[in-house]
Chemist: 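For reference, the structure I am asking about is given below.
Atoms considered below: every heavy atom in the structure, side chains included; atoms not considered: hydrogens, waters and symmetry mates. Just so you know, these numbers come straight off a predicted model, no measurement behind them. By convention in this document, chain letters (A, B, ...) are assigned in the order of the sequence lines, proteins followed by strands, and residues within each chain are numbered from 1.
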Protein chains: 2
Amino acid sequence: MVRPRFAKLPPAQQQAILQAALDEFARHGFHDASLNRVIETAGISKGSMYYYFDGKAELYAHVASTQIGELFAQVGPPPQLDTGDADRFWSVIEDYYLRLMKALLASPQRAALFRGWATASKDPAFQRAQGELEQASVPWIEQAVAAGQRVDAVRKDLPASLLIAVVLGMGEAMDLWMLSQDPDDEGLPTVVGSLVSMIRGAVSA
Amino acid sequence: MVRPRFAKLPPAQQQAILQAALDEFARHGFHDASLNRVIETAGISKGSMYYYFDGKAELYAHVASTQIGELFAQVGPPPQLDTGDADRFWSVIEDYYLRLMKALLASPQRAALFRGWATASKDPAFQRAQGELEQASVPWIEQAVAAGQRVDAVRKDLPASLLIAVVLGMGEAMDLWMLSQDPDDEGLPTVVGSLVSMIRGAVSA
DNA sequence: CACCAGTCTAGACCGGTGGTCGAATTCGTC
DNA sequence: GACGAATTCGACCACCGGTCTAGACTGGTG
């Protein structure tokens with residue numbers, strides 16, 4: 001975790017550090033980002049950086065969770081999923097996915113940060129600090145799978161861990177593909193519709 | 001590419017280098033593997049290593065392509081896919097997938113090496129040297145998708161690049177999940193059957 | 001024999017990395 | 001002002017992948 005001391009810094013300096021870190025992580029991804037460049041850009045010394053953050057991974061985790069928070073603040077909380085039948089389930093998923101992607105495409109730097117997520121998630125140094133972030137995304141997917149099974153939208157003959165792993169893998173591949181295509185706002189709904197139809201095909205009963 | 005000089009080394013020393021590199025890459029993945037540890041284990045100097053290999057990426061590429069070669073020698077070449085209808089297509093896929101996974105589970109070190117592939121494929125230093133390896137896997141998937149479309153086993157309304165990206169993502173997630181489950185030989189066919197059914201659901205028409 | 005070009009090895013060295021640490025400085029409070 | 005805690009600083013550490021030079025060894029030639 002970020003150390004509590006950080007909150008006591010003048011907001012301007014907090015912002016300088018976070019902005020420098022966001023720039024660096026968005027541009028280079030987790031592993032190739034340089035802490036030395038961050039402290040140089042932010043105008044602080046290495047000692048200060050390690051006084052406020054336990055290390056590179058903690059800094060990344062803090063930046064990423066801040067960005068996630070802002071993204072959710074824009075898009076709104078995840079919707080209720082088990083309020084209808086299977087078709088309803090999937091159309092709610094598609095709608096929410098579409099809104100998320102729209103918001104993401106609207107802020108390229110944030111998109112670049114999340115694009116580097118896949119890389120970061122395989123880095124041992126990062127995985128130790130990932131706990132907090134994971135608890136914001138994986139449980140939601142777990143609940144979504146459970147809700148889908150409740151309304152007969154998701155098959156029940158496979159372990160939930162496998163369904164989740166596959167959905168995450170598909171999502172990652174789709175996100176990377178979409179971000180590399182840079183679709184306009186008109187084409188986006190069609191693309192998202194196709195992606196959700198693929199997920200539906202993979203996991204539905 | 002590996003330099004031709006390497007082939008002129010005494011086989012024992014070739015083996016020492018390749019074994020040390022395989023151990024290191026399998027244990028740590030591409031990025032976190034240390035060339036210094038490899039040369040120490042192999043008992044050669046850094047100068048010699050760079051005399052025989054252009055760098056870390058070339059060494060990894062050589063080790064990996066050797067392992068791929070041995071794997072294919074065990075399992076046999078990819079099968080002909082467009083010799084029947086859709087059901088035939090998918091059963092051939094499932095059969096081949098099953099044989100590949102069986103062979104992979106039989107040699108844990110090789111499995112660990114390939115598990116690190118995903119990590120490696122995102123490393124810029126690695127991508128430059130990936131050409132040779134890529135030409136052995138991606139084109140095969142492209143052909144498989146094209147063959148599947150020919151026999152109406154794969155939907156034609158989406159770009160091939162998306163289908164391939166999603167299938168690769170699913171495959172990666174499934175492989176990781178399977179290797180983490182460490183299934184016995186009895187359970188394997190069932191699991192592989194489920195996985196192929198998920199891929200089929202995602203990409204079929 | 002002497003000489004030489006080519007092959008090969010050793011390891012010092014380079015700029016970079018993330019991370020540590022003790023000293024110096026600033027700040028809050030008596 | 002004085003004292004202790006909070007904060008800042010940058011030198012320093014071990015390690016990384018990669019470069020480079022000095023020299024040992026080899027086989028061939030006059």
Side-chain angles (χ1 to χ4, degrees), chain A residues 1-14 16-17 20-21 23-25 27-63 116 119-120 122-130, chain B residues 1-14 16-17 20-21 23-25 27-63 116 119-120 122-130:
Chain A
M1 263 304 292
V2 54
R3 309 214 171 160
R5 306 156 171 168
F6 184 68
K8 291 197 286 185
L9 270 180
Q13 202 169 352
Q14 288 187 34
I17 295 174
D23 287 347
E24 180 72 13
F25 284 128
R27 192 173 343 254
H28 298 287
F30 174 71
H31 206 121
D32 292 339
S34 162
L35 220 47
N36 289 334
R37 278 195 296 260
V38 173
I39 67 175
E40 194 177 355
T41 308
I44 64 171
S45 71
K46 186 168 277 197
S48 295
M49 177 61 90
Y50 276 87
Y51 184 70
Y52 291 112
F53 293 92
D54 260 347
K56 189 184 184 180
E58 304 285 348
L59 177 61
Y60 183 91
H62 188 251
V63 170
T119 323
K122 271 137 195 160
D123 195 289
F126 174 71
Q127 286 180 336
R128 263 171 258 136
Q130 201 182 9
Chain B
M1 265 304 293
V2 54
R3 308 211 171 162
R5 308 155 172 168
F6 184 68
K8 290 197 287 188
L9 270 180
Q13 203 168 354
Q14 288 188 34
I17 295 175
D23 287 347
E24 180 72 12
F25 284 127
R27 191 171 345 250
H28 299 286
F30 175 71
H31 206 121
D32 292 339
S34 161
L35 219 48
N36 289 333
R37 278 195 296 258
V38 173
I39 66 175
E40 194 178 352
T41 307
I44 63 172
S45 71
K46 188 168 274 196
S48 296
M49 177 60 91
Y50 276 87
Y51 184 72
Y52 292 111
F53 292 92
D54 261 347
K56 190 184 183 179
E58 304 287 346
L59 177 61
Y60 182 91
H62 188 253
V63 169
T119 324
K122 271 141 193 158
D123 194 288
F126 175 71
Q127 286 178 338
R128 264 171 256 134
Q130 199 181 11

Chemist: Going by ring-ring contact (aromatic ring centres under 6.0 Å, His included), name the residues that satisfy it together with A:Phe25, two or more places apart in sequence or in a different chain.
Modeler: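 A:Phe25 satisfies ring-ring contact (aromatic ring centres under 6.0 Å, His included) with A:Tyr60 once adjacent residues are dropped.
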Chemist: Quick one: is D:dC9 close enough that its OP1 or OP2 comes under 4.0 Å of any side-chain N or O from A:Ser48?
Modeler: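 Checking A:Ser48 against D:dC9: at least one side-chain N or O falls below 4.0 Å of OP1 or OP2.
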Chemist: What is the distance, to the nearest angstrom, from the CZ atom on A:Phe53 to the P atom on C:dT20?
Modeler: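 Distance check: A:Phe53 CZ to C:dT20 P gives 16 Å.
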Chemist: Expressed as a whole number of angstroms, how long is the span from A:Asn36:CG to D:dC15:P?
Modeler: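 Rounded to whole Å, this separation is 18 Å.
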Chemist: Return the nearest nucleotide to the side chain of B:Tyr50; candidates are C:dC8, D:dG18, C:dG19.
Modeler: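 Taking heavy atoms from C-beta onward, the closest nucleotide is D:dG18.
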Chemist: Between atom CG in A:Asp32 and atom P in D:dC16, what is the gap in whole Å?
Modeler: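 In whole Å, D:dC16 P and A:Asp32 CG are 17 Å from each other.
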Chemist: Rounded to whole Å, how long is the line connecting atom NZ of B:Lys8 with atom P of C:dT7?
Modeler: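 Rounded to the whole Å, the gap is 7 Å.
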Chemist: Without decimals, in angstroms, what is the distance between B:Tyr60 OH and D:dG18 C1'?
Modeler: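 Answer to the nearest Å: 20 Å.
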Chemist: For B:Met49 and C:dC8, give me the distance from atom CE to atom C1', rounded to whole Å.
Modeler: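 These atoms are roughly 15 Å apart.
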Chemist: Return the value, rounded to whole Å, for the distance between atom CD of B:Gln13 and atom C1' of C:dT9.
Modeler: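 The answer, rounded to whole Å, is 10 Å.
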Chemist: Give a yes or no on whether the backbone of B:Ala33 and the side-chain of B:Lys56 come within a donor-acceptor separation of less than 3.5 Å.
Modeler: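 It does hold such a pair.
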Chemist: Using a 4.0 Å heavy-atom cut-off across all strands, classify A:Lys56 as base, sugar-phosphate, or nothing.
Modeler: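 Sugar-phosphate: the residue A:Lys56, judged by heavy atoms under 4.0 Å, touches backbone atoms but no base.
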Chemist: Measure across B:Ala21 and B:Val63 and return the closest heavy-atom pair with its distance rounded to 0.1 Å.
Modeler: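 Closest approach of B:Ala21 to B:Val63: CB-CG2, 3.8 Å.
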Chemist: Output yes when at least one side-chain N/O atom of B:Tyr52 is less than 4.0 Å from OP1 or OP2 of C:dT9, else no.
Modeler: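 Affirmative; the distance criterion is met.
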Chemist: Show the nearest heavy-atom pair for residues A:Gln14 and A:Phe6, with the distance to one decimal.
Modeler: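 That would be NE2-O, 3.1 Å.
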Chemist: Which atom names give the shortest non-hydrogen contact between B:Arg5 and B:Tyr51, and what distance separates them?
Modeler: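 Closest approach of B:Arg5 to B:Tyr51, heavy atoms only: NH1-O, 2.8 Å.
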Chemist: side-chain contact (heavy atoms from CB on, under 4.5 Å) with B:Arg37: which residues, sequence neighbours excluded?
Modeler: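 side-chain contact (heavy atoms from CB on, under 4.5 Å) check on B:Arg37 returns B:Glu24, B:His28, B:Ser34.
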Chemist: So, does A:Ser45 get its side chain near the phosphate of D:dG10, meaning an N or O under 4.0 Å from OP1 or OP2?
Modeler: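 Answer no for this pair, as no side-chain N or O of A:Ser45 is under 4.0 Å from OP1 or OP2.
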Chemist: Indicate the atoms forming the closest heavy-atom contact of B:Val38 with B:Ala20, along with that distance.
Modeler: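 Nearest heavy atoms, B:Val38 then B:Ala20: O-CB, 3.9 Å.
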Chemist: Using the closest heavy atom to pick a nucleotide of DNA chain C for each, name whichever of B:Arg5 or A:Arg37 lands nearer the 5' end.
Modeler: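 The residue closer to the strand's 5' end, by nearest nucleotide, is B:Arg5.
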Chemist: If you fit an axis to the five pairs at each end of the helix from C:dC1-D:dG30 to C:dC30-D:dG1, how big is the angle between those two axes, to 10 degrees?
Modeler: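 Nearest ten degrees gives 40° for this helix.
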Chemist: Would you kindly give the CD-to-P distance between B:Glu40 and D:dG17, to the nearest whole Å?
Modeler: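 Rounding to the nearest Å, CD of B:Glu40 and P of D:dG17 are 12 Å apart.
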Chemist: Need to verify one output field. Residue with the more 5' nearest nucleotide on DNA chain D, A:Gly47 or A:Tyr51?
Modeler: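 It is A:Tyr51, whose closest nucleotide lies nearer the 5' terminus.
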Chemist: Below the 4.0 Å mark, does D:dC16 have OP1 or OP2 next to a side-chain nitrogen or oxygen of B:Ser34?
Modeler: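 For D:dC16, OP1/OP2 do have a side-chain N/O of B:Ser34 under 4.0 Å.
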